[in-house]
Amino acid sequence: MALHVHLPDGKELELAEGASGADLASAIGPGLARAALAVAADGQVRDLAAPLRDGASVAVITAKSDEALPLVRHDAAHVLATAVMELYPGVKISIGPAIENGFYYDFEFPEGVVLSEADFPAIEERMRAHIKAGEPFVREDLPVAAARERFLAQRQDYKVELIDDLMRDEGVETVSLYTNGPFTDLCRGPHAPSTATVKAFALQSVAGAYWRGDSRRTMLTRIYGTAFLSKQELDAYLEQLELARQRDHRRLGRELGLFMFSELSPGSPFWKPAGMAVWNQLTELWREENQARGYREVKTPMLYDVELWKQSGHWEKYKDNMYFTDVEGRAMGLKPMNCPAHIQIYKDERRSYRDLPVRYSEAGLVHRHEPSGVLHGLMRVRHITQDDAHIFCTDEQVQDEVVQCLRFGFDLYDLFGLEPRLELSTRPEKRIGSDEMWDRAEAALAGALDSEGLAYELNPGDGAFYGPKIDMHLTDSIGRSWQLGTVQLDYSMPERFDLAYTGADNAEHRPVMIHRALLGSFERFIGIMIEHYAGVLPFWLAPVQAIVLPVADRFNEAGEAVVAALGQAGLRAEVDARSESVGRKIRDAELRKVPYMLVLGEREAAEGTVSVRSHGGADRGPVAVGELARELAERARARTD
RNA sequence: GCCGACGUAGCUCAGCUGGUAGAGCACUUCACUCGUAAUGAAGGGGUCCCCGGUUCGAGUCCGGGCGUCGGCUCCA
């Protein structure tokens with residue numbers, strides 16, 4: 001009996017019963033048969049050797065297909081394990097998937113073996129030998145018991161554990177194994193026909209990784225690598241990685257003199273004058289925008305009696321991340337969050353429903369003891385200045401307030417051309433409050449997102465214990481995702497602190513709290529912006545907006561006058577009064593990424609002009625100083641770029 | 001916090017198997033007074049991250065600590 005499959009071009013093809021993807025490719029043509037790596041049958045990637053189902057829609061996957069990359073990376077992970085097993089007898093294998101930009105494989109090396117990147121050349125050489133040999137990936141479906149026996153005999157404990165879990169949790173009866181050359185792995189597949197597909201790969205780094213991501217379990221050794229379908233693509237990727245490193249905010253922060261770090265205060269940036277100029281501009285934006293949207297700025301203490309932290313729940317849930325000190329025998333803790341402080345202000349007055357929503361904003365400095373291993377430039381610090389705000393409102397006001405927060409956030413992000421990814425995190429296992437409360441809260445957040453037409457990922461079970469939240473994430477230059485903004489609903493703090501307002505019915509009601517940060521923290525946000533702009537900050541944020549370049553020492557005085565005129569207009573300007581050539585001064589100003597270079601010589605000094613050159617080289621010619629000051633001041637005010 | 005690597009001048013880095021340190025840039029001085037991405041010359045500058053050990057002798061070897069980097073866990 002024949003079988004029929006549908007091809008992507010709409011045609012139908014008849015094949016012999018039991019025909020595989022390879023047969024299909026051959027039936028279409030010998031070129032495709034050679035190029036075929038796998039098939040996508042009804043959208044699912046399958047081995048070329050797997051039999052096709054009658055009536056399936058089948059597309060042959062070749063090196064050009066989108067599906068080919070994960071496939072070859074997964075192949076590469078197996079080849080890596082093959083080489084490692086040969087070079088390190090007794091090594092235990094665990095898992096080795098394809099990931100976003102490559103692949104990894106996790107191993108437990110025998111006692112005493114410490115792997116480092118210095119070992120990569122030898123491993124890569126073994127890998128190349130297996131690739132050159134073009135070993136076929138052979139699939140074998142085995143009853144779980146037989147597979148378990150096999151891995152048990154090889155003392156592959158992790159594989160045995162995986163099989164046990166598959167049996168227990170999913171009731172699996174058979175598992176598939178893939179063998180290439182001397183190496184057999186428990187693997188769901190699919191794989192390309194042979195190791196020969198792995199044409200271009202590179203091992204990248206070695207790292208520790210907990211077995212099953214559980215910090216209580218064994219720390220395995222993870223080898224990261226990447227693979228592409230051609231050498232050119234690999235080289236392009238590696239080059240792109242290098243370019244990304246150039247825009248790393250830690251490097252640019254040093255080069256541009258924005259901030260520094262000291263061993264004397266790990267995780268805490270020291271802002272230099274140039275960085276502080278950026279900080280202050282951002283603060284000004286923050287203050288103006290918050291005021292314009294009905295927030296009222298407050299400022300609260302750093303240090304509080306631990307009683308406050310016990311009442312808020314931080315003592316119980318967050319103590320390990322806090323700093324404590326003793327003040328005349330009294331235990332005090334540095335605030336890791338601003339909410340309990342804002343609550344004190346709320347409680348200081350009697351509140352009527354007419355007062356709500358009450359919106360307090362603070363550029364709140366908090367300290368969190370982040371574990372040493374997670375510190376990362378400005379992105380993850382222990383000294384955090386949040387653009388924090390707390391909104392106290394009624395249940396009915398929640399959704400509208402959330403919508404306003406989102407709009408506010410997007411107005412800010414738009415200003416910088418940032419496009420964050422949104423996540424809605426819903427009720428976790430451990431939570432407080434009734435299901436009705438959670439239903440309402442989640443619906444309010446989802447409703448706010450939907451009403452704004454915003455796309456978001458659902459992150460079930462990842463909400464805070466006191467309420468669901470919407471997080472806004474952005475990716476840095478080396479591909480790491482960081483959370484900036486967050487909008488969190490909180491029904492717990494009002495409870496713990498017994499917050500109240502008097503309703504129209506003259507009865508006491510409990511307000512709802514919304515915690516929100518939009519930039520996230522000034523530290524992280526500036527870090528993200530440095531990378532986003534590759535150090536070339538928008539004009540209004542640039543530490544030095546214009547630099548006057550006298551062509552000879554005798555024009556330095558005239559240069560100072562230009563700086564003064566620009567300063568009068570509220571601009572940040574400097575003069576480069578060194579006895580250097582114009583070429584040199586321009587080069588240095590370019591490297592400092594100063595938006596405007598104002599060349600000042602004989603002609604300009606006589607005419608009261610400067611010759612304007614923009615960062616990047618555009619030459620605009622002479623412009624009267626007064627006119628330029630007005631124009632640039634307007635531009636800074638507009639915050640357009 | 002966990003795994004691994006790394007820590008030499010302000011920065012980027014060199015320093016072989018142990019014999020008390022070097023380059024480029026930056027800085028200072030002098031000369032040059034310059035027209036759109038590096039003018040030249042001279043000079044100064046180092047507890048080789050810290051503590052301890054081995055050794056006649058440690059930047060180099062060993063142990064501990066701190067910090068940084070890449071991950072993991074965490075945070076969000």
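Reminder, nothing fancy here: chain letters follow the sequence lines and each chain counts from 1.
Proximity of A:Arg251 to the phosphate of B:rU68: no side-chain N or O atom is located under 4.0 Å from OP1 or OP2. Applying the 4.0 Å criterion to OP1 and OP2 of B:rG70, one finds that A:His376 has a side-chain N or O inside that range. Here A:Arg212 does not reach the OP1 or OP2 of B:rU73: none of its side-chain N or O atoms lies under 4.0 Å away.
The aromatic rings of A:Tyr413 and A:Phe410 sit perpendicular to each other, their planes meeting at more than 60°, with 30° as the lower class boundary.
Nucleotide B:rA41 forms a Watson-Crick or G-U wobble pair with B:rU29, both donor-acceptor distances falling under 3.5 Å. Base pairing annotation: B:rC34 forms no Watson-Crick or G-U wobble pair, as no partner gives both donor-acceptor distances under 3.5 Å. Pair check for B:rU55 finds none; no Watson-Crick or G-U wobble contact set falls under 3.5 Å.
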Can you pull every protein N or O that's under 3.5 Å from an N or O on nucleotides 42-45 of chain B?
none

Are there any protein N/O atoms within less than 3.5 Å of an N/O atom in nucleotides 24-30 of chain B, and if so, which ones and at what distance?
{"residue": "B:rA26", "atom": "OP1", "partner": "A:Arg584", "partner atom": "NH2", "Å": "2.3"}

Can you give me the N/O atom pairs linking the protein to nucleotides 2-12 of chain B at distances under 3.5 Å, or say none if there are none?
{"residue": "B:rC2", "atom": "O4'", "partner": "A:Tyr210", "partner atom": "OH", "Å": "3.3"}
{"residue": "B:rC3", "atom": "O2", "partner": "A:Gly208", "partner atom": "N", "Å": "3.0"}

Using a cut-off of under 3.5 Å, enumerate the N/O to N/O pairs linking the protein to nucleotides 60-62 of chain B.
none

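Of the P atoms belonging to B:rG4 and B:rC27, the separation is 42 Å, rounded to the nearest Å. When the C1' atom is used for both B:rU73 and B:rU17, the distance is 41 Å, rounded to whole Å. Across B:rG57 and B:rU20, the matching P atoms stand 15 Å from one another, rounded to whole Å. With both ends at atom C1', the span from B:rA37 to B:rG45 equals 29 Å, rounded to whole Å.
At the heavy-atom level, A:Val599 lies under 4.0 Å from base atoms of the strands shown. Within 4.0 Å of A:Arg216, counting heavy atoms only, lies no atom of the nucleic acid at all. As judged by a 4.0 angstrom heavy-atom cut-off over every strand, A:Gly601 is placed among the base-contacting residues. Within 4.0 Å (heavy atoms only), A:Gln204 reaches no atom of the nucleic acid at all. Here A:Glu604 lies in heavy-atom contact (under 4.0 Å) with a base. Among the protein residues, A:Glu255 comes within range of no part of the nucleic acid, since none of its heavy atoms lies under 4.0 Å from any strand. Within 4.0 Å of A:Ser262, counting heavy atoms only, lies no atom of the nucleic acid at all. Counting non-hydrogen atoms under 4.0 angstrom, A:Tyr224 reaches the backbone sugars and phosphates but no base.
Comparing B:rG70, B:rG35, B:rC74 against the side chain of A:Arg380 picks out B:rC74 as the nearest. The side chain of A:Ser205 lies closest to B:rG70, out of B:rG35, B:rG70, B:rC34. Side-chain proximity of A:Val582 to the nucleotides B:rG35, B:rG70, B:rG67 is greatest for B:rG35. Of the candidate nucleotides B:rG71, B:rU36, B:rC34, B:rG71 has the atom nearest to the side chain of A:Arg480.
Cation-pi geometry between A:Arg222 and A:Tyr104 is satisfied (NZ or CZ under 6.0 Å from the ring centre, within 45° of the ring normal). Taking the ring centre of A:Tyr323 as origin, the terminal cationic atom of A:Arg368 falls outside the region bounded by 6.0 Å and 45° from the ring axis.
Considering only heavy atoms from C-beta on, A:Gln404 stays 4.5 Å or farther from A:Arg407 through its side chain.
Applying the side chain to side chain donor-acceptor pair (under 3.5 Å) rule to A:His615 yields the partners A:Glu590; only residues at least two apart in sequence or on another chain are considered.
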Please determine whether side chain to side chain contact (heavy atoms under 4.5 Å, CB included) holds for the pair A:Arg250 and A:Phe261, giving the CA-CA distance in whole Å, both sets of side-chain angles, and the decisive distance to 0.1 Å. CA-CA 10 Å; A:Arg250 292 166 297 183; A:Phe261 285 93; 5.6 Å; no
List the atom pairs, with distances to 0.1 Å, where a side-chain N or O of residues 513-529 of chain A and a protein N or O form a donor-acceptor pair under 3.5 Å, not counting sequence neighbours.
{"residue": "A:His515", "atom": "ND1", "partner": "A:His390", "partner atom": "NE2", "Å": "3.2"}
{"residue": "A:His515", "atom": "NE2", "partner": "A:Asp490", "partner atom": "OD2", "Å": "2.7"}
{"residue": "A:Arg516", "atom": "NH1", "partner": "A:Asn290", "partner atom": "OD1", "Å": "3.4"}
{"residue": "A:Arg516", "atom": "NH1", "partner": "A:Tyr295", "partner atom": "OH", "Å": "3.1"}
{"residue": "A:Arg516", "atom": "NH2", "partner": "A:Asp387", "partner atom": "O", "Å": "3.1"}
{"residue": "A:Ser521", "atom": "OG", "partner": "A:Arg524", "partner atom": "N", "Å": "3.0"}
{"residue": "A:Glu523", "atom": "OE1", "partner": "A:Thr385", "partner atom": "N", "Å": "2.8"}
{"residue": "A:Glu523", "atom": "OE2", "partner": "A:Thr385", "partner atom": "N", "Å": "3.2"}
{"residue": "A:Glu523", "atom": "OE2", "partner": "A:Thr385", "partner atom": "OG1", "Å": "2.7"}
{"residue": "A:Arg524", "atom": "NE", "partner": "A:Met379", "partner atom": "O", "Å": "2.8"}
{"residue": "A:Arg524", "atom": "NH1", "partner": "A:Gln483", "partner atom": "O", "Å": "2.6"}
{"residue": "A:Arg524", "atom": "NH2", "partner": "A:Met379", "partner atom": "O", "Å": "2.9"}

